[in-house]
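This report concerns only the one structure given below.
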Amino acid sequence: MTTVAIIGAHSVLFEPIVKALKQASNVKFPIRAVTRKIGPSEVSDDKVKYYEATADDDKTYDPVLTGTDVIINLTPPSVEESKYNSILKSIERVGVKNFKFYIPSQFGVELSEFPFRPLVYIKQQHSEKARKLGLKTVDVFNSYFVNKGGFLDTILAHLGYQGDNKVIIRGDPDQLFNVSHVDDIGLSIASLIDNVHKASIPDTLRIYSDRVSQKEFYDAYEKRHNVKLERSYESKEEALRKATEKLNSGFKPADFLYYLNVGVSQSPEGGFAFKGDGRDIVNPGEKYFKWRKFANFYD
């Protein structure tokens, strides 16, 4: 049986992952859920136990990680690098050999292909540092994920939405890119723990639920919301030139979704249209679950 700790109980991916782990046959309960401060809604039970820990004091992770087999880190890299890497100090103290594997907080664009490398440097360095410790580290990339009421539903800036029913289509409107439903991400993580032998797990796991073009996405959006969008267009070359100039003038956190949008515009390069070779690892021939189709994402 596998004891799992999830760092970041407020992440969008936390609930889908916990939901899938509760259905797994090889997970030992309770799942260990880590948050900075336990709130009224975070009530421990026989399936999930909440712990308080913070990157400000890496020793607070020690009680959580002691006896843990698999760590899933959902913490966003919004803190300085030393704090983002602080969990690795706890892993060293507990003992690297005590862990089956570690999933850092990548979940999204394929970092090695993303055109704005300074924006993902901390994430890349984190995985490299973990591997140098001898820790089996699995980067999970799933391109854009969709959660109803959130990303790619009401939050659309990373696909060029400008507000007031206006959108800029950057790049080829018909070029496909990958999208993942949050439930499929959860099921993939659970399958990795439940069904894949450690020796068969790659350092990089690329998955997605389906593929869609910007045109298809916004055609569906118009039908779903009964609106007509005003669409303007920008070539992938022009989008990259403008974004590069903007970044050279200094990065502003509020612009991060814009840079993701420009990354999508570079498809099939850019890190959002990668081959999903990890799909056959966690779900060969859809043996364990059916990948969600984009047409059914918002049901």
Side-chain angles (χ1 to χ4, degrees), residues 10-16 74 76-78 107-110 113-116 118-120 142-185 208-273 292-299:
H10 292 163
S11 167
V12 169
L13 293 178
F14 176 77
E15 290 296 340
L74 304 178
S78 56
F107 300 105
V109 59
E110 221 287 18
E113 297 182 18
F114 190 55
F116 309 108
L119 304 187
V120 296
N142 52 255
S143 188
Y144 278 162
F145 58 75
V146 177
N147 63 305
K148 195 170 182 178
F151 291 104
L152 286 192
D153 187 10
T154 60
I155 302 172
L156 297 168
H158 51 320
L159 206 59
Y161 188 71
Q162 307 296 301
D164 297 325
N165 291 330
K166 297 179 180 179
V167 59
I168 300 175
I169 305 288
R170 296 182 169 98
D172 183 350
D174 295 310
Q175 173 62 53
L176 298 176
F177 62 95
N178 303 335
V179 285
S180 296
H181 194 282
V182 290
D183 286 349
D184 284 352
I185 298 173
Y208 62 84
S209 298
D210 201 0
R211 311 188 80 198
V212 67
S213 70
Q214 294 184 73
K215 181 181 183 302
E216 288 173 321
F217 178 88
Y218 279 117
D219 285 351
Y221 179 90
E222 287 181 332
K223 291 180 180 179
R224 199 164 62 250
H225 294 277
N226 193 28
V227 297
K228 186 67 176 176
L229 296 173
E230 180 183 329
R231 307 185 192 196
S232 58
Y233 299 87
E234 186 174 270
S235 72
K236 63 186 294 185
E237 295 81 9
E238 183 69 3
L240 183 60
R241 183 189 66 78
K242 288 181 178 180
T244 301
E245 289 180 357
K246 187 180 184 69
L247 184 59
N248 288 340
S249 298
F251 172 66
K252 298 178 181 178
D255 294 329
F256 185 66
L257 294 184
Y258 161 71
Y259 291 111
L260 291 180
N261 180 213
V262 176
V264 169
S265 78
Q266 303 305 298
S267 297
E269 293 78 33
F272 294 91
R292 293 279 289 266
K293 296 298 183 182
F294 172 73
N296 301 321
F297 273 13
Y298 304 94
D299 292 348

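The model shown is predicted, which means the values in this text are computed figures rather than measured ones.
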Got a sec: does the [atom1] of [X] have more than 12 other heavy atoms crowding it under 6.0 Å?
X	atom1	result
Lys236	NZ	yes
Asp299	CG	yes
Glu245	CD	yes

Output the distance between atom [atom1] ([X]) and atom [atom2] ([Y]), rounded to the nearest 0.5 Å.
X	Y	atom1	atom2	result
Ile169	Ser265	CD1	OG	11.0 Å
Tyr259	Leu119	OH	CG	7.0 Å
Ser180	Tyr208	OG	OH	9.5 Å
Ile185	Ser143	CD1	OG	9.5 Å
His181	Asn142	NE2	CG	12.5 Å
Lys215	Gln175	NZ	CD	14.5 Å

#### Entry: Within 45° cone of Tyr218 ring axis and under 6.0 Å: Arg231 NZ or CZ
no
### Task
Could you please spell out the steps behind the side chain to side chain contact (heavy atoms under 4.5 Å, CB included) verdict for Gln266 and Leu240?
CA-CA 8 Å; Gln266 303 305 298; Leu240 183 60; 3.7 Å; yes
List the atom of [X], the atom of [Y], and the distance in Å for their closest heavy-atom pair.
X	Y	answer
Tyr144	Leu152	CB-CD1, 3.8 Å
Val109	Gly271	CG2-O, 3.5 Å
Asp184	Arg292	OD2-N, 2.8 Å
Val264	Ser267	O-OG, 2.8 Å
Phe114	Gly263	CE1-CA, 4.2 Å
Glu216	Leu176	OE1-CD2, 3.7 Å

When you compare the side chain of [Y] with that of [X], does any pair of heavy atoms fall below 4.5 Å?
X	Y	result
Phe272	Glu113	no
Phe151	Val182	no
Phe251	Phe116	no
Ile168	Asn261	no

### Task
Under the side chain to side chain contact (heavy atoms under 4.5 Å, CB included) rule, what do Leu156 and Val167 come out as? Steps first, then yes or no, please.
CA-CA 9 Å; Leu156 297 168; Val167 59; over 6 Å; no
Tabulate below the donor-acceptor pairs under 3.5 Å that side-chain atoms of residues 157-164 make, not counting sequence neighbours, or state none.
from, atom 1, to, atom 2, distance (Å)
Tyr161, OH, Asn165, N, 3.0
Gln162, NE2, Gly160, O, 2.8

### Check against side chain to side chain contact (heavy atoms under 4.5 Å, CB included), Tyr258 and Arg170
CA-CA 11 Å; Tyr258 161 71; Arg170 296 182 169 98; 3.7 Å; yes
### Message
Could you walk me through whether Arg224 and Asp153 satisfy the side chain to side chain contact (heavy atoms under 4.5 Å, CB included) test, starting with their C-alpha distance in whole Å, then the side-chain angles of each, then the deciding distance to 0.1 Å, before giving a yes or no?
### Response
CA-CA 10 Å; Arg224 199 164 62 250; Asp153 187 10; 4.2 Å; yes
### Query
Is there a donor-acceptor pair closer than 3.5 Å between any side-chain N or O of Thr154 and the backbone N or O of Gly149?
yes
### Task
Over 60° means perpendicular and under 30° means parallel, so classify the ring planes of Phe297 and Phe294, tilted if in between.
perpendicular
